[in-house]
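Step one of this worksheet: look at the structure below.
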Amino acid sequence: ECLYEKEQIIHLVSETKELNEVVVRAAKPTLKVTNEGIIANVQNTTLAKLGTTYDVLNQIPFVSANDRNIEVIGGGNPIIFVNSKQVYDTKELREIKSDEIKSVEVILHPGSMYSASSQSVIRINTIKSTKDMLGLTATLYARKNRDWAQYGNLKSIWRKNGWESFASFGMTGSMYTQNQDNNLSFVYDSQDISVQNSGIIKGKSKSFDFSLGINRLPTKKREFGVKYTMYKTPLNNTYTLNSNQSDFGNQLSIYDSDMERNAKNISHELSSFWDYKISDKAKVHVDGIVLAQKITFDETEEENGTLRENIVCSNTKSSFLSAAKGYIDVVMPFGKISSGIECSYTNNEQEYKVQSDTSTGLSDNSNQVRQMAINPFVSYNINFGNFNVSLGVRYEYLKYDYFVEQEKIEGQSKNYRNFFPVASFNYAKGLTSISLAYRTIVKRPSYWNLRNSIDYNSQFSYESGNPELKQTYTHQ
């Protein structure tokens, strides 16, 4: 009541209204600086509307990505994980749409649980729903920049009573054209030789992939899943037309050359994972993969106006990989300790054949590499406020056996035993991060660089690997 000088009385009558719903909206930061790198929140942000995983990765600092290559600035080609599963072929990322991603973490200082050859890690976490559903999704996109590419995918999901099954089928096609100029100068038999060629390269490819799997959706205690994937490339054709000019001992030669390369590829992959929560402070993770792949190259080259009119070569590469990894995380005072082991076995075979006259000096050959690795690791992360200290060590045992024509070459077979300590001190607050870290990075030659076969490029250019290459170490 309000009482004024003239004794006027105003009565206020209370009234209550019940609201059906109250919505509080807040903007979640898209980027967050962590002690290891950067986390980008994708769910419910503009990043979720971009379309593909590659589009999302391109919007994250330090990352450059397309359907052929993914790089981290200063960190090279990263190890990529989708949830807790390592991705061995980036084509797998085509199946994931941007609105299925929860977050992306870029680790710039990998710890001891990652390979000593890794300089960076990307972890893609997807949205996990437990609602029952039956869904079918069709995706089609095309891109035109330097080349033309298109991709289509059909994916079905059935989710019921905590179980999820899925199947996916995709097709990819691309065409490209590029110009290439080469200048080569060298000395042979005390004579100066110079070669110039100018050409155009045209390529086209077609491939498809198929996958199916089943997952036990997350519960309070466990989560596990199994997935099978097949990739097949029935067509990967490259045609090169060159105009060549060579000056050999003051003898000028002008000729044209045509090179056609046809490649075929098929791979089968079977992977699984299992997560188990022992308690609120301890959990176990185990994953494994079996991967078999075969690649065939058939190459034909015609050199008009030279002694070598027609050269036909073929190269067949077969590889087999089996790997398993297991670790346990335990929450300790002020931090977390992680300990586990990673094991793998690889068998890589190459067979090179030449169907031509002996004027090239090439001959048929074959080589094989068998590699076994056993890598235990342990790390301890301590957190206090905005500061973090990470300490760890990784031991890598690598047994490498090299064979030529099915005969083991002892001098080129190697065993490596190395300890790799890791230490970092980090401060992170807001978008500010300061890090001081030390680790040893090992760089191992690829199987392609270790091959002993000699490839014919032209009458003045041959290409080969070196089986005696050794791994190198970088302290940073």
Side-chain angles (χ1 to χ4, degrees), residues 36-37 62-65 69-82 84-90 92 105-124 271 287-289 291 293 317 319-327 338-348 369-379 390-402 412-424 435 437-451 465-476:
E36 293 184 312
F62 306 109
V63 180
S64 173
N69 188 45
I70 297 176
E71 289 187 5
V72 173
I73 297 176
N77 297 114
I79 298 177
I80 301 176
F81 290 83
V82 174
S84 56
K85 174 183 173 294
Q86 184 173 344
V87 175
Y88 289 86
D89 193 328
T90 57
E92 183 177 338
E105 181 179 5
V106 181
I107 299 176
L108 302 175
H109 308 292
S112 59
M113 72 177 298
Y114 302 106
S115 170
S117 61
S118 64
Q119 299 184 56
S120 58
V121 177
I122 293 179
R123 304 191 71 98
I124 301 173
S271 61
D287 66 74
I289 184 172
L291 175 63
Q293 184 179 49
K317 297 191 296 183
S319 61
F320 174 83
L321 165 69
S322 60
K325 183 177 184 178
Y327 60 87
S338 299
S339 179
I341 189 170
E342 186 175 15
C343 304
S344 65
Y345 171 78
T346 306
N347 182 40
N348 187 281
V369 174
R370 296 176 186 171
Q371 180 176 291
M372 181 180 68
I374 302 175
N375 311 315
F377 58 87
V378 63
S379 66
S390 178
L391 303 172
V393 63
R394 180 183 181 92
Y395 175 77
E396 293 195 352
Y397 168 73
L398 184 65
K399 188 177 188 300
Y400 176 93
D401 294 328
Y402 185 78
Q412 297 169 5
S413 300
K414 309 174 184 71
N415 289 340
Y416 294 104
R417 298 176 177 87
N418 301 101
F419 283 96
F420 296 95
V422 178
S424 65
S435 299
Y438 168 80
R439 68 191 302 261
T440 302
I441 300 174
V442 59
K443 185 175 182 180
R444 300 185 175 98
S446 66
Y447 294 131
W448 179 252
N449 291 331
L450 292 169
R451 74 194 190 284
N466 183 0
E468 297 186 2
L469 290 175
K470 298 180 180 181
Q471 58 186 22
T472 59
Y473 304 93
T474 302
H475 299 272
Q476 69 175 31

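For the single chain, residues carry numbers from 1 onward in sequence order.
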Residue pair Val393 / Val378, side-chain heavy-atom distance below 4.5 Å: yes

Partner of Arg370 by side-chain contact (heavy atoms from CB on, under 4.5 Å), out of Tyr400, Tyr402, Tyr345: Tyr345

Flag side-chain contact, heavy atom, 4.5 Å: Lys325 against Ser84: no

Spatial distance of atom CD1 (Ile124) from atom NZ (Lys85) [nearest 0.5 Å]: 11.0 Å

No-hydrogen, no-angle side-chain donor-acceptor test under 3.5 Å, Tyr88 and Thr90: no

Donor-acceptor contact below 3.5 Å, side chain Lys470 vs main chain Glu468: no

Between CD1 on residue Ile107 and CD1 on residue Ile122, distance to nearest 0.5 Å: 10.0 Å

Non-hydrogen side-chain atoms of Arg394 and Asn375 separated by less than 4.5 Å: yes

Approximate separation, where rounding is to 0.5 Å, of Asn69 CG and Asn77 CG: 5.0 Å

Any Gln86 side-chain heavy atom under 4.5 Å of Ile79 side chain: yes

Contact check, side chains of Met113 and Ser338, non-hydrogen atoms, under 4.5 Å: no

Residues forming a salt bridge (charged side-chain N to carboxylate O under 4.0 Å, His left out) with Arg444, sequence neighbours excluded: Glu396

Within-4.5 Å side-chain heavy-atom neighbours: Thr440 and Val442: no

Atom pair CD (Gln293) and CG (Leu291), whose distance is rounded to the nearest 0.5 Å: 6.0 Å

Interatomic distance, Ser64 atom OG to Ile73 atom CD1 [nearest 0.5 angstrom]: 7.0 Å

Nearest heavy atoms of Ile341 and Phe377, plus distance in Å: N-CE2, 3.6 Å

Under 3.5 Å donor-acceptor, Ser112 side chain and Gly392 backbone: no

Heavy-atom side-chain contact between Leu398 and Gln471 under 4.5 Å: yes

Donor-acceptor contact present, side-chain Arg439 to main-chain Pro110, <3.5 Å: yes

Over all atoms of both residues, closest heavy-atom pair of Pro421 and Phe419: CD-O, 3.6 Å

Value rounded to 0.5 Å, distance of OG in Ser120 from CD1 in Ile70: 10.5 Å

Ile441 and Gln119, any side-chain heavy atoms less than 4.5 Å apart: yes

